[in-house]
Amino acid sequence: MSSLCLCLTAPTYDGVLAQLERYRSYIDMAEMRLDLLNPSERLKAVDLPVRTEIPLILTIRLPEDGGLWGKNGETEEDRVNLFLSLLESGAWAYIDLEHERTMADAAAAAAADAAGTRIIRSMHDFDGTLLEQPVSDLAEMIRRMAEGGSIPKLAARCTGSRRLLTLARVALATESIGEKVILGMDEYGTPSRILADRFGSVWTYASALGGPGEPPAAAPGQLDPKTLETLYRFSEINESTPLYAVVGDPIAHSRSPIIHNGWLRDAGLKGTYLPVRADDIATLLETCDIWGLRGLSVTVPHKEKALAICDYSGYPARRIGAANTLLRVGDGWRAGNTDAAGFLEPLPGAMGLGSVEELKGKKALIFGAGGAARAAVHALIDAGLKLVILNRTIDKARQLAEETGQAWGPLSDEALPLLEGGVDLAVQTTSVGMHPNEKADPAPWWNPRGCSLVYDMIYEPVETVLLARARSAGVRTLNGSDMLKAQARLQFELFTGCQAPE
Ligand code: ATR
């Protein structure tokens with residue numbers, strides 16, 4: 001099991017103590033970043049190990065490694081002297097020294113040895129090019145860093161799914177090194193911070209985030225200790241913990257981790273559900289194989305490719321032509337789709353109808369022809385509605401409409417003749433109007449009056465411009481929140497075999 005280490009990033013010593021106090025119940029250890037502390041207060045940190053009863057790392061980071069040392073004219077000699085003054089107490093558990101680089105090294109390392117302080121040999125790669133090297137070379141480098149009983153630490157920027165896969169392979173190739181830290185910086189690397197245990201890391205780093213006047217994270221992509229512990233149950237993750245994830249690009253806005261982790265906890269089930277940003281789903285699946293991930297929620301823009309690369313696919317996914325759920329079967333993946341059922345669930349109620357049967361014979365207008373539209377189109381055809389599908393790229397509208405025997409047109413006022421006589425339902429499936437482009441309207445030329453429901457799959461913002469127009473016209477509205485929960489509920493059952501708690 002990995003420990004949780006809080007990076008102490010405040011510029012004042014009182015601020016450092018406040019950060020420790022605030023996160024005390026979530027953390028196992030802390031790293032004192034002396035380079036971030038005001039120069040006049042740095043020596044105050046001498047008493048930090050006495051004040052706290054947890055293991056502490058002493059770090060003075062250089063600018064090339066993401067630190068601020070030297071910004072106030074400090075020299076390498078000053079750095080050595082500061083290390084020596086603090087190490088004297090013998091109370092620091094660890095000291096972080098860069099691998100094969102600095103002058104300070106020999107003197108600080110000797111003082112650390114004398115004081116009984118373990119050395120962390122760290123390597124920071126902020127442009128991520130290190131991860132272009134062969135896995136065997138990187139593993140060899142980490143083995144060298146571990147020489148003499150040091151703890152090797154590799155922190156490399158992950159600029160895409162390929163580099164995260166390399167990092168996971170490096171972790172696998174260095175499994176025999178009992179104590180190490182391997183982490184990926186940036187959003188693509190975040191899984192390595194949550195799944196520190198799967199990466200064989202003895203600890204993960206977290207920063208104080210989100211408090212008033214709080215400095216930025218100590219490294220890009222870090223989470224705060226409370227989120228790691230309360231949302232992802234970090235301290236419970238071990239090699240037998242079932243893992244699930246939502247994969248998309250972008251992913252930061254996704255509510256799925258909050259929904260699924262909440263259900264896992266409330267149902268008393270072991271497991272962690274994490275967000276994964278991926279620019280290539282096939283590469284990500286290789287990485288998931290290494291982690292032993294059991295289930296994936298798939299979101300924009302990977303739904304169609306996810307179906308194509310799966311070994312097996314269920315009926316709804318194949319028919320819809322998109323997968324929003326991947327399940328591990330043996331050593332392969334099975335594609336599923338819960339979007340269509342999730343889309344339909346809140347619909348009759350929102351239209352003031354008693355059941356799905358009452359939808360039969362009604363006419364619906366669909367904005368968009370992507371993966372989400374495909375799920376809605378199939379659900380509505382099964383319910384017996386007649387559709388008009390409008391899309392910016394007209395060929396996609398034509399293809400989906402011809403596949404399903406419906407009418408189609410462009411996403412412009414040229415489509416108005418197709419809507420003569422009005423529609424009962426309008427379904428908005430494009431990303432137009434979604435946060436952060438909240439002022440956008442996918443069809444400013446269309447008047448919702450006369451329609452009985454406008455259903456927008458977007459859930460952030462809660463009310464899109466289109467929904468606001470519909471409401472002003474006296475039309476009922478429904479956003480994507482209920483659909484999100486309904487499709488997630490079905491997914492949860494597929495993932496765990498258990499019903500999602502109310
Ligand atoms: P999803 O799985 O969410 O449906 P998708 O398959 O990428 O994602 O589909 C996105 C939909 O939003 C498409 O209908 C797309 O129109 P195009 O097929 O013309 O790309 C639509 N869309 C995205 N941005 C749009 C924009 N600025 N204006 C109009 N439609 C847009």
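Starting from 1, each residue takes its place in the sequence as its number. Whatever order the structure lists them in is the order used to number ligands and atoms, beginning at 1.
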For E239, which residues count as a salt bridge (Lys or Arg N to Asp or Glu O under 4.0 Å) partner, sequence neighbours excluded?
none
Using distance alone, with no hydrogens and no angle criterion, decide if S313 and R318 have a side-chain donor and acceptor under 3.5 Å apart.
yes
Stepwise, does the side chain to side chain contact (heavy atoms under 4.5 Å, CB included) test hold for F367 with V427?
CA-CA 6 Å; F367 296 120; V427 181; over 6 Å; no
Suppose we screen for salt bridge (Lys or Arg N to Asp or Glu O under 4.0 Å). Which residues come up paired with R198, at least two apart in sequence or across chains?
none
ring-ring contact (aromatic ring centres under 6.0 Å, His included) partners for H260, two or more places apart
W263, Y273, F495
Expected rows: ligand 1 N/O, protein N/O, dist below 3.5 Å:
residue	atom	partner	partner atom	Å
ligand 1	2 (O)	A372	N	3.4
ligand 1	4 (O)	G371	N	3.1
ligand 1	4 (O)	A372	N	2.8
ligand 1	6 (O)	G371	N	2.9
ligand 1	14 (O)	A369	N	3.0
ligand 1	14 (O)	N391	OD1	2.8
ligand 1	16 (O)	N391	OD1	3.3
ligand 1	18 (O)	N391	ND2	2.8
ligand 1	18 (O)	K396	NZ	2.9
ligand 1	19 (O)	R392	NE	3.0
ligand 1	19 (O)	T393	N	2.9
ligand 1	19 (O)	T393	OG1	2.5
ligand 1	20 (O)	R392	NH2	2.8
ligand 1	27 (N)	R392	NH1	3.2

Apply side chain to side chain donor-acceptor pair (under 3.5 Å) to residues N324 and D339 and explain how you reach the verdict.
CA-CA 7 Å; N324 80 328; D339 275 342; 3.0 Å; yes
